[in-house]
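Worksheet: one structure, shown below.
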Amino acid sequence: MKPLRIGNFSGFYGDRSDALREMLTGGEVDVLTGDYLAELTMLILARDRLKDPSAGYARTFPRRLEDCLGLAHERGVRIVTNAGGLNPAGLAGEIRRLADRLGIPVRVAHVEGDDLTAAYPGTLAAHAYLGGFGIAECLRAGADVVVTGRVTDAALVTGPTAAHFGWRPDDHDRLAGAVVAGHVLECGTQATGGNYAFFAEGDVRRPGFPLAEIHADGSSVITKHPGTGGFVDVGTVTAQLLYETGGARYAGPDVTARLDTVRLAQEGTDRVRIEGVRGEAPPPTLKVGLNRLGGFRNEVVFVLTGLDIEAKAALVREQLADALAKTPPSEVRWELVRTDRADADTEETASALLRLVVRDPDQQVVGRALSGAAVELALASYPGFHVLAPPGKGAPYGVFEDVYVPHVGATHRAGASDVDTDQVPAPHVPTVHVPTAHVSVPHVAVLHDGRRVPVPPPQETRPLAAVPDPPLPEPLPPGPTRRAPLGLVVGARSGDKGGNANVGVWARSEDAWRWLAHTLTADTFRQLIPESRDLPVTRHLLPNLRAVNFVVEGILGAGVAAQARFDPQAKALGEWLRSRHLDIPEALL
């Protein structure tokens with residue numbers, strides 16, 4: 001059977017506006033997927049819905065579709081997107097009105113049932129991560145455009161493949177192959193050289209978007225349209241496979257994919273084959289993401305120039321201490337960023353930044369207390385006093401956490417804990433105490449003709465258990481070493497899951513893998529990344545990918561919307577790790 005060609009045109013809310021047309025005109029494709037949702041995006045859409053109950057979806061998508069809907073219809077390309085966000089029915093209705101206005105006879109369906117906000121009082125948004133079989137129902141019934149709310153990112157691929165090949169829910173190996181392909185596609189150009197550790201090896205000024213040729217057995221080839229920028233090789237695919245994952249078991253609502261079974265091979269220029277993926281029954285619970293208001297935050301950045309940087313910083317802190325003590329915010333954080341250089345030839349490079357961040361449930365505390373105290377120092381502090389911008393009145397920030405609800409009607413296998421160990425909730429975050437046993441998830445496919453088709457849960461589930469670490473490879477023989485950056489011999493990619501971060505590190509040769517597996521332990525990671533020294537750090541070995549994947553629990557506090565650290569999504573944590581120095585065998589350098 002001919003492979004199904006699935007391309008991606010969006011990796012986030014705000015991605016390149018011309019990507020849909022580029023993917024429609026650049027080569028052969030059967031299905032195009034648009035991934036718009038992330039934890040922070042759900043909070044943004046929830047705030048939109050507070051202002052306007054008819055909102056809650058990605059408003060940029062209809063504008064993008066207006067230019068391309070006729071072209072997609074002419075070419076028989078189906079479009080599947082989670083741009084519906086918190087209001088998939090609303091977006092589906094807008095697309096129908098758009099199609100009527102343009103005179104294009106397209107059939108629009110949507111998937112719903114993920115919205116559990118009413119069951120979790122105190123949240124702005126609470127949404128279950130649905131699988132792909134609702135999408136499959138819509139496509140089997142003839143939909144040209146399928147809109148969803150919160151589904152897993154990979155569901156945008158498992159749905160079309162299940163519909164096209166007739167896969168059943170117990171086709172675990174095939175579904176797992178589609179999940180892996182979907183995970184590679186979901187972040188768009190991150191699979192084609194974007195955000196890649198070895199970006200200098202190709203022209204990544206404007207990477208093309210990826211596509212997967214998926215076969216009936218679940219294997220696939222990751223590629224891109226001819227003539228588009230960027231490149232696809234084993235490294236770019238490995239980097240994306242490690243992104244926002246954890247251990248060997250990558251759990252989802254349709255299937256648990258075994259990442260330790262993935263085999264990659266370069267099949268030609270810009271073509272990487274993925275095969276060998278094994279799947280298991282999904283866990284007996286669905287993940288539910290909760291977004292709520294955490295309080296208010298404010299910040300001010302003082303610019304310290306020239307000499308006596310440490311003394312200037314100490315003076316500011318002393319001057320503000322009394323003012324902040326009068327109505328103390330619940331959290332006060334100072335950070336001195338030494339961007340200055342000695343004998344600098346520009347004022348900017350002679351300056352350091354002193355950052356003060358305050359948080360509190362009361363907006364008045366972080367607004368007036370900070371702004372008044374900081375502004376009053378304008379003529380009464382260190383020489384050269386100025387700030388990057390005056391502090392405002394205090395902005396709301398969000399908190400993300402995840403909970404788990406059971407699949408209703410599924411048959412559970414005996415096993416270990418039901419909790420997805422790859423996505424452990426961040427510690428020290430107040431929880432919303434609602435008994436999950438009382439929460440049901442009515443997964444429903446709303447077909448283009450208005451019929452509502454309930455999507456049954458998986459008939460078989462399997463509680464997750466950690467996979468024992470595989471044996472280590474033979475260590476390299478002793479030899480001379482040199483102190484050098486880790487990134488000279490390995491790549492890395494990092495990301496966020498709630499309050500946790502993951503850092504995937506991979507080697508590009510067998511010898512480098514033998515060294516990496518023995519050298520970069522969890523203890524070594526803690527030494528290289530001081531922020532992690534007091535946090536749980538778990539290392540997972542993935543020999544087929546020549547990779548180690550670290551999960552650092554709690555490093556992001558209450559999640560990206562809380563902005564707990566300088567890099568709130570841990571996007572550059574892997575690059576920081578690569579910049580750290582170790583004793584590396586000279587044979588690898």
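Since we're looking at a predicted model, the values are computed, not measured.
Proximity of the aromatic rings of Phe9 and Phe209 is defined here by a centroid distance below 6.0 angstrom, and this criterion is not met. Ring to ring, Tyr36 and Tyr57 are not that close: their centroids are 6.0 angstrom or more apart.
When atom types are taken as modelled, the side chain of Ser220 and the backbone of Ile214 share no donor-acceptor pair closer than 3.5 angstrom. The backbone N or O of Val234 lies less than 3.5 Å from a partner atom in the side chain of Gln266, making a donor-acceptor pair. Without hydrogens or angle criteria, Asp254 side chain to Ala155 main chain gives no donor-acceptor distance under 3.5 Å. With hydrogens and angles disregarded, no donor-acceptor distance shorter than 3.5 Å links the side chain of Asn502 to the backbone of Val551. Arg578 contributes a side-chain N or O that, together with a main-chain N or O of Gly487, makes up a donor-acceptor pair within less than 3.5 Å.
At most 12 heavy atoms of other shown residues, nucleotides or ligands fall within 6.0 angstrom of atom CZ in Arg278.
A cation-pi arrangement is absent between Arg292 and Tyr120 under the rule of less than 6.0 angstrom and at most 45 degrees off the ring axis.
The aromatic rings of Tyr196 and Trp506 sit parallel to each other, their planes meeting at less than 30°, with 60° as the upper class boundary.
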Any chance you could lay out the salt bridge (Lys or Arg N to Asp or Glu O under 4.0 Å) test for Glu275 and Arg174, step after step, and finish with the verdict?
-> CA-CA 10 Å; Glu275 57 189 356; Arg174 295 180 177 91; over 6 Å; no
What do the steps show when you test Arg21 against Leu71 for side chain to side chain contact (heavy atoms under 4.5 Å, CB included), and what is the final call?
-> CA-CA 8 Å; Arg21 173 168 287 277; Leu71 185 59; 3.9 Å; yes
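Across Ala517 and Pro473, no two heavy atoms sit closer than the pair CB-CD, 3.7 Å.
A donor-acceptor pair shorter than 3.5 Å can be found between the side chains of Asn549 and Thr245.
For Glu28, the salt bridge (Lys or Arg N to Asp or Glu O under 4.0 Å) criterion is met by Lys2, not counting sequence neighbours. Residues satisfying the side chain to side chain donor-acceptor pair (under 3.5 Å) test with Asp260, not counting sequence neighbours, are Arg258.
Between Asp270 and Lys224, at least one side-chain N (NZ, or NE/NH1/NH2) sits under 4.0 Å from a carboxylate O, which counts as a salt bridge. Ion pairing of Arg168 with Glu460 is absent here, as no side-chain N (NZ or NE/NH1/NH2) approaches a carboxylate O to less than 4.0 Å. Checked for salt-bridge contact, Arg206 and Asp18 meet the test: a charged N lies under 4.0 Å from a carboxylate O. A salt bridge does not link Glu244 with Arg493: every distance from a Lys NZ or Arg NE/NH1/NH2 to an Asp or Glu carboxylate oxygen is 4.0 Å or more.
Between Leu4 and Phe165, the closest side-chain pair of non-hydrogen atoms falls below 4.5 Å.
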